[in-house]
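Step one of this worksheet: look at the structure below.
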Amino acid sequence: MNPFTYQHAADTSAAIKMASSHAAAKYLGGGTNLVDLMRETVERPEVLVDVTGLPGVIGQRPNGPLMIGAAVKNTALATDMYVRSAFPMLSRAILTGASAQIRNMATVGGNILQRTRCRYFYDTAARCNKRDVQSGCDARDGFNRYHAILGASDSCVATHPSDMCVALAALDAMVHLDGPTGARAIPLLDLHRLPGDRPDIETELRANELITAIEIPPLPFAQRSTYRKVRDRASYAFALISVAAALDVDEKGTVRDVRLALGGVAHKPWRAFNAEAALKGRVANEENFRAAAETELAGAVALRDNQFKIELAKRTIVAVLGELKGREG
Ligand SMILES: Cc1cc2nc3c(=O)[nH]c(=O)nc-3n(C[C@H](O)[C@H](O)[C@H](O)COP(=O)(O)OP(=O)(O)OC[C@H]3O[C@@H](n4cnc5c(N)ncnc54)[C@H](O)[C@@H]3O)c2cc1C
């Protein structure tokens, strides 16, 4: 680990000022990802600005959006009674991630900006365009069971590891930011990037921008939502495939509305817009669920070890929608 200094920020403006006054500063949430990467010398910040003291509040306005402070711990968000009843997919997604101890430390801001678990990214002896632009990608011809099947590029086939972000993508969450150039809010779906030829640029964040909060707009039918994660072990493992879904079916059995997002498939949380469009106005049955899944995965491209993910993603979509349909009425 390289030497670094530590500063604790009392508020947002202090955090931004501290980070902006050093060329190699990073914000520190629970440290459950960043400190691991520092140990491996993949990340080499000279200054850590601890932002866990910033507002860690979950606040819901009547019939309005849910605001979640970036410093809220993953456990607190997953177990919040309002979140559990209004957005069960979000609570379930978080609870499938990591371990209880890690969720107790990890923050919402840090979860969103956690970096890929591609083993070649962590292994400084391997070639990785994300770590070292234009050095090559050892994952392409290496062990790539966990890697992307959608939106990948020749430069990078890594996936985004967050479970929470898949639910936030399905829920149209907004990310509130503050930084040296002022405050703004952007859709979570626009925060993370596909790799293209610059996989090292993972987000649309500007220099020293701080995530201050997440906003989830009201979505009444998300009370009937869920998150399913398929993985190699029943716990403490990243997703091979995951699906966050909410389904609204009318009295005739027709899909009135649907939200669908996939994890474990791409460099960013993947909103399944094509499948959603294929489902709206159609009868909610297995045949149409499968057709929608086929539409979404039509552009999937497999690597040597992850061909199975394409069929697994389709089957998981069908299973999750079938489960939600069974809960209707
Ligand atoms: C063994 C293990 C298993 C895991 N399994 C899973 C899993 O199955 N699913 C899953 O989703 N995750 C999993 N995780 C990852 C875990 O969820 C993340 O490590 C955690 O969410 C990161 O949060 P943190 O607050 O500790 O972030 P940190 O490690 O502190 O920071 C992560 C990144 O976010 C930046 N950052 C932090 N806060 C802010 C902010 N407010 N504004 C701007 N930048 C910020 C930091 O600079 C850093 O780049 C696992 C982790 C471990 C170690």
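Order of listing sets the numbers, starting from 1, for every ligand and every atom in it.
- The atoms of ligand 1 that sit less than 4.0 Å from any heavy atom of Ser162 are 11 (O).
- Checking only distances, Thr107 does come within under 3.5 Å of ligand 1, N or O to N or O.
- For the side-chain contact (heavy atoms from CB on, under 4.5 Å) test with Pro195, the passing option among Ser155, Cys137, Ser153 is Ser153; the others fail.
- Using a cutoff of 4.0 Å between basic side-chain nitrogens and carboxylate oxygens, Arg115 and Glu43 are scored as salt-bridged.
- The single protein non-hydrogen atom nearest to atom 20 (C) of ligand 1 is Thr32 OG1, 3.2 Å, given as residue, atom name and distance.
- At the shortest separation from atom 28 (P) of ligand 1 among protein heavy atoms lies Gly31 N, 3.5 Å.
- A salt bridge between Asp141 and Arg304 is absent, with no side-chain N of the basic residue lying under 4.0 Å from a carboxylate O of the acidic one.
- Among Met105, Arg231, Gln114, Arg117, the residue whose heavy atom lies nearest to atom 51 (C) of ligand 1 is Arg117.
- When heavy-atom distances to ligand 1 are checked against a 4.0 Å cut-off, Lys229 comes that close only through its side chain, counted from C-beta outward.
- Aromatic ring orientation, His147 versus Tyr120: tilted (interplanar angle from 30° to 60°).
- Taking the six-membered ring wherever Trp is involved, the centroid distance between the rings of His267 and His192 does not fall below 6.0 Å.
- In terms of N/O distances under 3.5 Å, ligand 1 is not approached by Leu28.
- A salt bridge is defined here as a Lys NZ or Arg NE, NH1 or NH2 lying under 4.0 Å from an Asp or Glu carboxylate O, and Arg259 with Asp248 fails to meet this definition.
- When the shell of 6.0 Å around NZ of Lys17 is examined, it contains 12 or fewer heavy atoms from other residues, nucleotides or ligands.
- The distance criterion of under 3.5 Å between nitrogen or oxygen atoms is not met by Val51 with respect to ligand 1.
- Applying the 4.0 Å criterion to heavy atoms of Gly97 picks out, from ligand 1, the atoms 7 (C), 8 (O), 9 (N).
- Proximity to Pro161 (heavy-atom distance under 4.0 Å) selects the following atoms of ligand 1: 9 (N), 10 (C), 11 (O).
- Considering backbone and side-chain atoms alike, Gly30 places an N or O below 3.5 Å from some N or O of ligand 1.
- Considering Leu113, Asp36, Thr212 only, the shortest heavy-atom separation from atom 34 (O) of ligand 1 involves Leu113.
- Distances below 4.0 Å separate heavy atoms of Asn74 from the following atoms of ligand 1: 21 (O).
- Looking only at protein heavy atoms, the nearest one to atom 46 (C) of ligand 1 is Tyr27 O, 3.0 Å.
- If you check which protein heavy atom lies closest to atom 42 (N) of ligand 1, you get Ile211 N, 2.8 Å.
- Nearest protein heavy-atom contact of atom 11 (O) of ligand 1 is Asp163 N, 2.9 Å.
- Considering Glu294, Glu287, Glu286 in turn, Glu294 is the only one that fulfils the salt bridge (charged side-chain N to carboxylate O under 4.0 Å, His left out) rule with Arg290.
- When Gly109, Cys165, Ala98 are ranked by how near their heavy atoms come to atom 7 (C) of ligand 1, first place goes to Ala98.
- If you look at Ala237 next to ligand 1, the close heavy atoms, those under 4.0 Å, all belong to the backbone.
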For Asn74 and Met105, what are the C-alpha separation, side-chain angles and deciding distance, and is it a side-chain contact (heavy atoms from CB on, under 4.5 Å)? CA-CA 8 Å; Asn74 285 192; Met105 287 293 292; over 6 Å; no

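- Here Glu202 does not pair with Arg193 in a salt bridge; the nearest charged N to carboxylate O distance is not below 4.0 Å.
- Thr226 and Arg92 are linked by a side-chain donor-acceptor pair at a separation below 3.5 angstrom, with hydrogens and angles left out of the test.
- Those atoms of ligand 1 that come under 4.0 Å of a heavy atom in Gly110, given as number and element, are 22 (C), 23 (O), 24 (P), 25 (O), 27 (O), 31 (O), 32 (C), 34 (O), 37 (C), 38 (N).
- Atom numbering of ligand 1 starts at 1 in the shown order; those under 4.0 Å from a heavy atom of Asn33 are 19 (O), 29 (O).
- No side-chain donor-acceptor contact under 3.5 Å links Asn208 and Tyr27.
- Among the atoms of Tyr236, none of the N or O lies under 3.5 angstrom from an N or O of ligand 1.
- With 3.5 Å as the limit, one finds a donor-acceptor pair spanning the side chains of Asn111 and Gln114.
- Of the protein's heavy atoms, Phe238 CE2, 3.3 Å lies nearest to atom 13 (C) of ligand 1.
- Between the CG atom in Asn33 and the OG1 atom in Thr107 there is a gap of 10.5 Å [rounded to 0.5 Å].
- Near Gly29, meaning under 4.0 Å from any of its heavy atoms, are these atoms of ligand 1: 25 (O), 30 (O), 37 (C).
- Residue-ligand proximity, Ile102 to ligand 1, at heavy-atom distances under 4.0 Å covers atoms 1 (C), 2 (C), 52 (C), 53 (C).
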